[in-house]
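Start at 1 with the first residue, then count along the sequence. Order of appearance sets the numbers: ligands from 1, and atoms from 1 within every ligand.
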Amino acid sequence: MRIDIITCQPGLIEGFFSQSIVKNAQTNGHAAIYIHDLRKYGQGNYKQIDDYQYGGGAGMVLMVEPLANCIRDLQKETVYDEIIYMTPDGVTLNQKTVNSLSLRKNIMIICGHYKGIDERIREMFVTMEISIGDYVLSGGELAAAVFTDALVRLIPGVLNDETSALTDSFQDNLLAPPVYSRPASFEGHEVPPVLLSGNEKNINDWRLEKSIERTRIRRPDLLDF
Ligand code: 6GU
């Protein structure tokens, strides 16, 4: 999968992509992630990328021309399956959306800032608008990092144990069951005996039962479908 991210604050996410699972995914050739600095497309001596909004009101808007030029430059090299704008007024991201987008080959992500981006970019280029939850961040960068992490870990071969993404919380609309490691007894708190029994069927039954119980208590909304 190839992911191109357009941002006016590359420093906010460069560190994230040079660490851990997302970094390994790139080293192993499963993902290619490119960060593009919108400032390079800025206008005039000051490389201007934002301006006041028509009609007045507080807050700057990312201008249409630098963004359009940047998007078109990228489109010269790559045909994108989706051009996604990260915005709090987009559709709320969930595992189902991540699963289906993980099958795409080339994705472009646009990070907004200030009051947002000129609406014409949304009309002319954007194919999908994604929010990561009902709260407002200062910019789309952290949201893009969250979204990219969720995507990249689903690419086959990225996780060490290929099946482990399948038992994550939210796959099958169920939260994950509790997990334990050594020691079997810690300060009077015991690991459930069934997990020590070696009986695979009983262990799987117990895990499913705990998943359902936990989902019913914490996220009953996931169960009504
Ligand atoms: Cl995608 N962007 C911003 N700025 N805030 C958010 C968000 C995105 N998702 C939730 N809050």
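- Counting heavy atoms closer than 4.0 Å to ligand 1, residue P88 contributes atoms from both its backbone and its side chain.
- Using a cutoff of 4.0 Å between basic side-chain nitrogens and carboxylate oxygens, D205 and R207 are not scored as salt-bridged.
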Margin query: One pair to check against side chain to side chain contact (heavy atoms under 4.5 Å, CB included): W206 and N204. What are the steps and the verdict?
Written below: CA-CA 5 Å; W206 181 87; N204 288 337; over 6 Å; no
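- The shortest N/O to N/O separation between L137 and ligand 1 falls below 3.5 Å.
- One finds no salt bridge joining D37 and R39 here, because no Lys/Arg side-chain nitrogen approaches an Asp/Glu carboxylate oxygen to under 4.0 Å.
- Under a 4.0 Å criterion applied to the non-hydrogen atoms of A143, ligand 1 contributes the atoms 1 (Cl), 8 (C).
- Contact atoms of ligand 1 toward I130: 1 (Cl) (distance under 4.0 Å to a heavy atom of the residue).
- Among all non-hydrogen protein atoms, the one lying nearest atom 9 (N) of ligand 1 is I132 N, 2.9 Å.
- The pair K210-E213 meets the salt-bridge criterion, since a charged nitrogen lies less than 4.0 angstrom from a carboxylate oxygen.
- Taking atom 1 (Cl) of ligand 1 as the reference point, the nearest protein heavy-atom neighbour is T87 N, 3.1 Å.
- D50 has no carboxylate O lying under 4.0 Å from a charged side-chain N of K115, or vice versa, which leaves the two without a salt bridge.
- Contacts between D134 and ligand 1 below 4.0 angstrom, taking non-hydrogen atoms only, are absent altogether.
- Closest to atom 11 (N) of ligand 1, if we only count protein heavy atoms, is Y135 O, 2.5 Å.
- Ionic pairing of R122 and D89 is present here: one or more N-O contacts between side-chain nitrogen and carboxylate oxygen are shorter than 4.0 angstrom.
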